[in-house]
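Step one of this worksheet: look at the structure below.
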Amino acid sequence: MALGPILPRRFYARDTIAAARALLGRVLVKGATAGIIVETEAYPGGDDLASHSSRGLTNRTRVIFGAPGHAYVYFVYGMYECFNIVVEPEGRPGCVLVRALEPIAGLDEMRRRRPAARRMEDLANGPGKLTIALGITLRDYGADLTRGSLVVREPMEPASFEIAVTPRVGISACAALPLRFLIAGNRFVSKI
DNA sequence: GGTAGGATGGGCT
DNA sequence: GCCCATCCTACCC
């Protein structure tokens, strides 16, 4: 598998919505497994009460207030971990939830980790599923995504695509905001 | 094809 | 004590 360069830190030092859109089509890599990011959600912080960072700096949310290009991983529903990418310039909160991947490398390893997935489309088409498929855990909290075993890279062949926009999934606060972004027509998104 | 309900535990009020 | 940025199974068209 040949991929382009690792995204530099400056890629992430921008507005949360712009980052959520720009991450579509880029490739999330963990060890020997990798997938194209096909679905994201923006969590800008501030007035957005759905953002964990909107209630201020706590032990859980501290990485969101730090330097961009790091991993914010949190535990939810007693069972699952969700993977976010810290964005915005350092000191300003903002993160992007990665909700679905199109698997492109390490498929056998993903299938072993996700025996419940009957089809390839189900390996990583949800935020809890993709962390299991790639082996991302709370130990990756704060990981630097510009170096090491968990990184984001440019794709080998950048594709052009339309971006579909919808409200975010599974939240109650600010539920109507159009902050979910998908590669239009992609089969690997969590839902239309 | 669709959905209701349960699993399961950390974070925060 | 309540609330979750979820997923899977069972069950029902």
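Each chain gets a letter, A, B and so on, in the order its sequence line appears, and its residues count up from 1.
- Remark: DNA chain B takes part in the stems B:1-7 with C:6-12, B:9-12 with C:1-4, each of 3 or more antiparallel Watson-Crick or G-U pairs, criterion distances under 3.5 Å.
- A donor-acceptor contact shorter than 3.5 Å links the side chain of A:Arg114 to the backbone of A:Asp122.
- With hydrogens and angles left out, the side-chain atoms of A:Tyr141 and A:His70 include no donor and acceptor closer than 3.5 Å.
- Separating the CG atom in A:Leu182 from the OG1 atom in A:Thr166 is a distance of 5.5 Å, to the nearest 0.5 Å.
- For the atom pair OH of A:Tyr12 and CG of A:Leu7, the computed distance is 4.0 Å after rounding to the nearest 0.5 Å.
- Contact record, A:Val189 with A:Ala100: CA-CB, 4.0 Å, taken as the closest heavy-atom pair.
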Sugar-phosphate atoms are those with a prime plus P, OP1 and OP2; base atoms are the rest. Using that split, label each nucleotide of nucleotides 8-13 of chain B B, S or - for protein heavy atoms under 4.0 Å, 5' to 3'. BBSSS-
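- Annotation: cation-pi geometry not satisfied between A:Arg9 and A:Phe11 (NZ/CZ under 6.0 angstrom from ring centroid, within 45° of ring axis).
- From A:Thr40, atom OG1 reaches atom CG of A:Leu179 across 10.0 Å, with rounding to the nearest 0.5 Å.
- We find the CZ-CG distance between A:Phe83 and A:Leu138 to be 12.5 Å, quoted to the nearest 0.5 Å.
- Contacts between residues 133-145 of chain A and DNA chain B, defined by a heavy-atom separation under 4.0 Å, are absent.
- With A:Glu109 as the fixed residue, the side chain to side chain donor-acceptor pair (under 3.5 Å) test singles out one of A:Arg113, A:Arg112, A:Arg111: A:Arg113.
- Contact of the A:Tyr74 side chain with the A:Thr61 side chain is not registered, since no non-hydrogen atoms from C-beta on lie closer than 4.5 Å.
- The salt bridge (charged side-chain N to carboxylate O under 4.0 Å, His left out) pairs that include a residue from residues 152-165 of chain A are A:Arg26-A:Glu154, where partners are two or more places apart or lie in different chains.
- If you measure from atom CD1 of A:Ile132 to atom C1' of C:dT6, you get 9 Å, rounded to the nearest angstrom.
- Screening residues 38-54 of chain A for salt bridge (charged side-chain N to carboxylate O under 4.0 Å, His left out), with sequence neighbours left out, gives A:Glu39-A:Arg99, A:Glu39-A:Arg180, A:Glu41-A:Arg99, A:Asp48-A:Arg168.
- Within the 4.0 Å cut-off from OP1 or OP2 of C:dC4, at least one side-chain nitrogen or oxygen of A:Ser172 is found.
- In the region residues 111-125 of chain A, proximity to DNA chain B at under 4.0 angstrom, judged on heavy atoms, holds for none of the residues.
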